J.: 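My structure is below; once you've seen it, I'll send some questions.
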2 protein chains.
Amino acid sequence: MSQGSTARAVGEHLSEWITEGRLAPGDKVSETSVASQLEVSRNTVREAFRLLAHDGLLVHEFNRGVFVPQVTSADVRDVYRLRLIIEPGVVRALTARDTHRLGTLEAAVAEARTAARRRDWPRVGTANMHFHRSLVALAGSPRLDVMMRRLTAELRLLFAVIDDPRYLYQPFVKRNKELLALMTKGRFEEGADYLESYLGDSEGAILAAFEERERTA
Amino acid sequence: MSQGSTARAVGEHLSEWITEGRLAPGDKVSETSVASQLEVSRNTVREAFRLLAHDGLLVHEFNRGVFVPQVTSADVRDVYRLRLIIEPGVVRALTARDTHRLGTLEAAVAEARTAARRRDWPRVGTANMHFHRSLVALAGSPRLDVMMRRLTAELRLLFAVIDDPRYLYQPFVKRNKELLALMTKGRFEEGADYLESYLGDSEGAILAAFEERERTA
DNA sequence: TCTAGACAGATTGTTGAACAATCCGTTACG
DNA sequence: CGTAACGGATTGTTCAACAATCTGTCTAGA
């Protein structure tokens with residue numbers, strides 16, 4: 001199976017189920033049902049639960065079980081508030097030396113490009129996640145990487161709520177590419193500004209969808 | 001015992017063992033030894049391990065076991081780099097309204113005061129942790145709270161390496177109190193500046209101890 | 001002497017069954 | 001109609017066992 005732990009494999013399954021909407025926010029995820037569906041032991045499922053709780057994709061309530069988090073517009077604001085602090089900050093702190101360390105970003109852009117051509121929007125989402133994680137990784141802070149990992153995981157949770165993912169994912173492909181172009185030229189200050197407006201737009205789009213949804217509900 | 005989960009109780013035990021130096025950085029922590037010492041099942045120990053790994057107090061290596069993280073001066077720099085961004089940023093973003101929301105900070109200062117009088121330095125450390133977590137909580141960002149929880153946990157890990165904790169903890173009592181005084185008066189900009197220099201000093205002190213240690217080793 | 005590989009012991013990963021504790025929806029009662 | 005007891009279902013924890021992997025030792029060979 002996927003190298004090593006079966007618990008990890010179970011975690012990846014659950015992660016897909018969540019990002020693909022097969023498990024909706026608020027849903028309870030029972031140990032026995034997952035165990036029987038994936039043909040693993042209950043104990044292994046529990047370990048997988050802990051892994052996903054680590055990334056914020058599941059919440060654990062003692063003696064009650066694990067649930068897919070109920071996300072609201074407040075969560076959208078919270079996630080983007082942190083992204084708007086972290087990501088432009090990282091870009092602004094870069095110097096000319098870093099121009100030659102953008103390989104992972106280029107890979108992520110290419111990944112998004114081919115996925116978009118194939119209309120494979122979930123994969124575009126993954127590529128986008130990779131892009132922003134790689135961006136933050138340039139700061140060289142292991143702890144910031146952990147934080148960003150969690151943020152991007154929760155980001156996908158937010159996107160999973162939206163009906164039409166294309167509407168949200170499509171703009172990323174172009175804007176990531178343009179941001180990378182600026183950075184390759186060493187124009188980091190411009191890049192940070194661009195990223196700020198880009199994130200602001202993104203937040204606005206998701207927020208609109210959420211507030212619409214909350215109005216009806 | 002501590003309400004609810006025994007896994008959590010085991011986690012708290014391990015956490016103490018680490019912060020008190022009974023478990024040193026680099027040490028391997030075996031499942032069976034912990035299970036027999038605390039008279040719980042191996043499975044419960046594994047769950048406790050995951051909880052602490054979540055806070056960065058243990059690292060899990062597949063098929064090899066869990067270890068107390070090996071901390072270096074690079075980790076000191078990383079932790080303080082993030083603290084220096086987060087904490088003064090939070091203080092600067094406060095407004096007059098927040099002047100009446102400093103109860104938890106006052107409690108933490110009081111806790112540190114009484115603990116210091118009793119020469120109970122580990123408890124002073126805990127109080128200091130509470131102070132800074134409460135400070136960041138003022139930002140009202142659940143995700144930032146999670147990040148800060150991890151940072152403070154790792155901070156104690158760093159302190160655990162130092163031989164004489166008094167030397168490091170004592171200054172905190174006074175400076176937290178003074179910072180709180182500024183904030184109570186609504187002088188947040190000054191407070192942020194104060195906090196910056198305070199954190200800078202703290203980093204310097206710990207860094208000196210670490211670099212001395214690394215020179216000998 | 002040093003390196004490489006095989007072997008054995010110890011540890012982790014996972015399973016399955018079992019039981020206590022807790023939660024939750026239903027029912028019966030006031 | 002509200003409430004309290006009841007019972008089924010789910011979680012928390014334990015235990016025993018086995019497979020997979022790691023680690024250190026020992027031997028064989030250059």
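Convention: sequence-line order gives letters A, B, ...; per-chain numbering from 1. What you see is a predicted model; the values in this text were computed from it and never measured.
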J.: Taking any heavy-atom pair under 4.0 Å as a contact, classify A/Asn63: base, sugar-phosphate, or nothing.
T.: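 The answer is sugar-phosphate, as A/Asn63 gets under 4.0 Å only of primed atoms, P, OP1 or OP2.
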J.: Identify the residue among A/Glu212, A/Glu214, A/Arg213 that makes a side chain to side chain donor-acceptor pair (under 3.5 Å) with A/Ser73.
T.: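 Answer after filtering A/Glu212, A/Glu214, A/Arg213: A/Glu214.
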J.: In whole angstrom, what separates A/His60's NE2 from D/dT11's C1'?
T.: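 About 8 Å, once rounded to whole Å.
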J.: Return the value, rounded to whole Å, for the distance between atom CG of B/Asn43 and atom P of D/dC15.
T.: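 Answer to the nearest Å: 11 Å.
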J.: Rounded to whole angstrom units, what separation is found between the CZ atom of A/Arg50 and the C1' atom of D/dT13?
T.: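 The answer, rounded to whole Å, is 12 Å.
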J.: So, applying ring pair (Phe, Tyr, Trp, His ring centres under 6.0 Å) with A/Tyr169, which one of A/Trp121, A/Phe131, A/Phe159 is it?
T.: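 Among A/Trp121, A/Phe131, A/Phe159, the one meeting ring pair (Phe, Tyr, Trp, His ring centres under 6.0 Å) with A/Tyr169 is A/Phe159.
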J.: Report the distance from atom CD of B/Glu39 to atom C1' of D/dC15, rounded to the nearest whole Å.
T.: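 It works out to 15 Å between those atoms.
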J.: Using only side-chain N and O atoms of B/Thr6, determine if any of them is under 4.0 Å from OP1 or OP2 of D/dG12.
T.: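 No, outside the criterion.
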J.: Please give, in whole Å, the distance from C/dC23 P to A/Phe67 CZ?
T.: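 These atoms are roughly 12 Å apart.
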J.: Please give, in whole Å, the distance from C/dG13 C1' to A/Glu47 CD?
T.: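 About 8 Å, once rounded to whole Å.
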J.: Within less than 4.0 Å of OP1 or OP2 of D/dT14, is there a side-chain N or O belonging to B/Arg42?
T.: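 Checking D/dT14 against B/Arg42, no side-chain N or O comes under 4.0 Å of OP1 or OP2.
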J.: It should be established whether A/Ser30 places a side-chain nitrogen or oxygen under 4.0 Å from OP1 or OP2 of nucleotide D/dA9.
T.: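 So the side chain of A/Ser30 is outside the cut-off, no N or O lying under 4.0 Å from OP1 or OP2 of D/dA9.
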J.: For B/Phe62 and D/dA19, what is the distance between atoms CZ and P respectively, to the nearest whole Å?
T.: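 After rounding, the gap between these two atoms is 17 Å.
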J.: With respect to the phosphate group of D/dT23, does any side-chain polar atom (N or O) of B/Arg64 fall under 4.0 Å of OP1 or OP2?
T.: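 Looking at the OP1 and OP2 atoms of D/dT23, one of them is under 4.0 Å from a side-chain N or O of B/Arg64.
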J.: Looking at B/Ser5, I'd like to know whether one of its side-chain N or O atoms comes within less than 4.0 Å of OP1 or OP2 on D/dT13.
T.: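 It does, given that an N or O in the side chain of B/Ser5 lies less than 4.0 Å from OP1 or OP2 of D/dT13.
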J.: With distance as the sole criterion, do the side chain of A/Arg8 and the base of C/dG13 form a donor-acceptor contact below 3.5 Å?
T.: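 A donor-acceptor contact between them is absent.
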J.: Output the rounded distance in Å from NZ (A/Lys28) to P (D/dT10).
T.: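 The distance from NZ of A/Lys28 to P of D/dT10 comes to 7 Å, rounded to the nearest Å.
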J.: Should A/Leu58 and A/Ile18 count as side-chain neighbours, where that means a heavy-atom distance under 4.5 Å?
T.: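 Yes, close enough: below the 4.5 Å cut-off.
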J.: Is it true that a side-chain atom of B/Asp78 and a backbone atom of A/Arg143 form a donor plus acceptor pair closer than 3.5 Å?
T.: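 Yes, the answer is positive, given that a donor and an acceptor are paired below the 3.5 Å cut-off.
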J.: Does the B/Ser15 side chain pair with the main chain of B/Gly11, one donor and one acceptor, at a distance under 3.5 Å?
T.: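 Not a single qualifying donor-acceptor pair exists.
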J.: B/Glu31 side chain: which of D/dG12, C/dT12, C/dT15 is closest?
T.: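 Of all the options, the side chain of B/Glu31 is nearest to C/dT12.
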